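These notes concern the structure reproduced below.
Since the model is a prediction, treat every value here as computed from it, not as a measurement. The sequence lines fix the lettering, A, B, ..., with proteins before strands; numbering per chain opens at 1.
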Amino acid sequence: MVVRVNLEKVVFGFFVLLAATLNFGYVIGEIDDVQLHNVYELYAAVAVNIIATILKFGDRTQIGAVHLATSLVASIQLIIAALVWIWASHVDPAGLTPTHMASVVSIAAGALLANIVSVILLVVETVSYRRR
Amino acid sequence: MVNLLQLLQRGRPALTRPDSLRRVRVDVPAEPPTTDAVFLVLRRIRTPLVVVVSVFALMTFGLSLMPGTEENPEPLSVFDSFYVISYTGLTIGYGEVPHAYSYAQRLWVTLTIYASVVAWSYSLAVLLAIAQEKTFRDAIALQRFSRRVRHIQAPFVLVVGYGQAGEAVCRALEDQGREFVVLDSDPSRIEQLALDGYTSDIAGFAASGRDPRILGMAGLGHDYCEAVLALTDSDETNLSIVMSVNLLRPELMVIARSSDREHAQQMHDFAADVIINPFDRYGAYLVMALRRPAGFRLASWLMSPRGTELPHRLEHLAEGHWVVCADGDFGLEVTRDLESAGLDVVLVDPRDGRPDVSEAVGFIAGAESDITNMAMAAHARIENDQLFIAVRQNSAVNEAPLRAFDADSVFVPTELLAREAVARITSPNYWSFIDHVLHEDDDWDERVMQEIVSVVGDETPSSSRVDLEFHQAPAAVRWMRSQELTVGDILRDPDDRDTRLAAYAAVLVRDGRRIFTPDLDLPLREGDSLLLLGREQDLLVVRATLFHDSAVEYVATGREVATAWIFRQVQRWRTAARRRRQGRS
C-alpha cells in the first residue's frame, strides 16, 4: 500500500512544533537573567506563532477550532511579551532591568503553556488519524 | 422517544393538524448547502498571509543584523528594525530612522521594498480573485438573504415561483401591506424583483424550492411564517413544496398550483389547503356566469384587486350549443365542466382548421398559442356576431391587442390563480364569505351585492377584521358589559351618528360559528369577531371608535360625552344636580 505524505500536514506540524520549541528555548533559564534570554529567540517565536495561527484559519472541525484558539492565545501572549520588552529597552529610562526581564519571560512562559496544548492536540489528531 | 427540548417551541404554539402525515417532529433544516463565506475566505487567504508575514519577519531580522555607520556602529535593535520595515513594507517611507544608515542597511531596505511590494500584490490579487469568484458571491448572497429572513419581525408569506402568477400575488400582498419572501429558480426573475418597483426592498433569492434546506432558509422554520404559496410552473416542484411543508411545518397554510389531476391528487394526500388548477376553475366560473350571473359578478368583484370596479354582467351568454377549440388539458377540463352543467359541447382540435360556429351560441378559443386563439376568435366573430367568445391568453405580452378585440371573456390562467390565492390568504373569514357567495342562491347574491355597493361604492372594498375583545376594543367591551351595542352602532360615524360609514359587516364569528351578513340590529357580545368590508379610512374610524368610551357611548345612544375622565365626572355631577333641582321644583 502506498501511503502518500500529506504536504499540508507536514507544513502544519512543522510550524506548530517550531512555535513550541522556539518558545521553550526562549523561556528556559533563570527568569530574571538578561543574559539568558536572547531577543532574537523571542522575535522568532512571535513570527512563527503568527504563521502557525494563520495556518489554522478556515478549518471547520471541532479540533481545528480548538487549535485556532490555542494558537491565538500563544500569539497574543508573545506579542504582549514583545511589547513589554520594547517598553523596557527603549522607553523606560532604567533600561532592561532583571524585573522587566522576569515579567517578559513569565508572559512568554504562559504562551509556552498554550503552545504545549497545541502540540498535544497535534499528537492526538495524528494518533487518532486512520486511513480507510 | 420525543426530545423534550423540541417541544419548547419559540413563539406561537403549533396548531395540531389531524391530516398531517408527520409522525416524528423534525426541525426545519436551515443549513446552507454551500460553505460559509467566511470559512471560504479564511481558507483561501492562508497562503498570502503567510507570505506577507514571512517577508516581514525575514526582512526585520535581516535589518537588525546589518552593521551601522562609523558614527553609529551598532546595528538597529529588533524593535527599530521592525518599525522601519513596517513603514517601508507598507510603502509609506519616513526616511532613515533613528539616524542615517550605512550602505549595508540601505541595501537591505531596498531589497525589502521590492520583496514587500511583490508580497502585497500577490495577496491583493488573491483577495480580488476570491471576491470575483461565483461560489464566494453565491455564498455571500445566500448568507445575506438568510440573515434578512431571520430578522423579519412581522407575519410573512413565502412565495415560491415568481412568474406571472407569482408577480400578481406579490403585488396584491404588497397592496394589503403584508410582508413576503420570494424564491425562484431563475436568477433573472429575482433580479426582476428588485426592478419591479415595490415600495420596500423584497427579500428574494434564486434557488429551487425543491430543496427543503432552501425553504428553511427562506423562512419555512420562521415563527412568523404564515403561509407558503407554491406557484412554480412545474407541478413536481409544487408537490415537493407541499410535501416539505406538510411534514416539517404542518400548521402552515399551503396553496399550490397544479395543472394535472394526478399531481393534484398527490397534493391532496399531503393535505394542501388549496390546490388551484386554473384550467379546471375556468369552466366552473363560466358555468356560474351563465347560471348565476349575480353570484359570479359578486365573487369575481371581491376577488379582484382593491379599487376594481364592479364587473358588468356578461352579455351574449346563453344555453345552447358550445364549441371549444383547444389542445391539451385545458380543452378536456373545460369541456368536462360545461358538459356536467348540461350544455351541448363539441371539442375540436385547433390543428383541424377553423371550427364551424354558425350554429353555436358560445365559442372558447383555448389553444396554447395566443396567435391561434386570436385568429380563431376573429374568424368566429366574422361568421357569427351574436356569439359569446372566450379567449385564453397565455402571455401578458398580448394583453393590449386582446383588450382591443374585446372578447366577452378573457381567460388568463395565471391571473385567475393569483386572485384565488390572494383571496384565500387575505383572511380565512374573507374567503369564507366568498365561498358563501359562491354557494348561495342568486337572489341572495344579488341582494348582498346591492347592499355592499350602496354602502361602499362600486370599487372592490378593503377588508378588516375587528375582534371585540379587551385589547382591540376596550371601550366597546366596557360598554357591552352593562349596555347594548349593535352591529349598526359601531358602523356609525362618531362625528355624526346618523351618517353610516362606508363599511359593511360581512361575517360575524361568534363561538366559532359564522353568521353571514349579520343584521344591523344584532347586539354584539364580548368575544365576537367581525369581518368588515369597506373603504380603508372608514375601517380605521371603526377601529378608533372602539377605543374611546365617549365615542362608543355617542354612537350607541347619541349622548355627547366628554372625552377626559375629569370632565365626565363634572358632567355626571351636573346632570345629577339638574335632576335634584328638577325633583325639588
Mind listing the closest non-hydrogen atom pair of Arg249(B) and Leu220(B) along with its distance? NH1-O, 2.7 Å

With a 3.5 Å cut-off and no angle check, do the side chains of Thr126(A) and Lys9(A) form a donor-acceptor pair? no

Using modelled atom types and a 3.5 Å cut-off, is there a donor and acceptor pairing between side-chain atoms of Arg43(B) and backbone atoms of Phe57(A)? no

At a 4.5 Å cut-off on heavy atoms, which part of Ile54(A) comes close to chain B: side chain, backbone, both, or neither? both

Is the shortest side-chain heavy-atom distance between Val97(B) and Tyr87(B) below 4.5 Å? yes

Is there a donor-acceptor pair under 3.5 Å between the side chain of Asn38(A) and the backbone N or O of Tyr40(A)? yes

Side chains of Tyr101(B) and Met66(B) in contact at under 4.5 Å (non-hydrogen atoms): no

With chain B as the partner chain, list the residues of residues 84-97 of chain A whose heavy atoms fall under 4.5 Å from it, by residue number, and write 'none' if nothing qualifies. Trp85(A), Ile86(A), His90(A)

Which atom names give the shortest non-hydrogen contact between Ala119(B) and Val51(B), and what distance separates them? CB-CG1, 4.0 Å

Under 4.5 Å between any side-chain heavy atoms of Arg148(B) and Asp201(B), yes or no? yes

Within residues 24-36 of chain A, which positions have a heavy-atom distance to chain B below 4.5 Å? none

Region of Phe82(B) in contact with chain A, defined by heavy-atom distances below 4.5 Å: neither

With under 30° as parallel and over 60° as perpendicular, where do the rings of Phe156(B) and His222(B) fit, or are they tilted in between? perpendicular

So, the part of Phe15(A) with a heavy atom under 4.5 Å from chain B: the answer is neither

Tyr122(B) versus Thr47(B), closest heavy-atom pair with distance: OH-CG2, 3.9 Å

Hey, can you tell me if Phe145(B) and Phe205(B) have their rings parallel, tilted or perpendicular (30° and 60° cut-offs)? parallel

Interchain contact, Thr60(B) with chain A, by part (heavy-atom threshold 4.5 Å): both

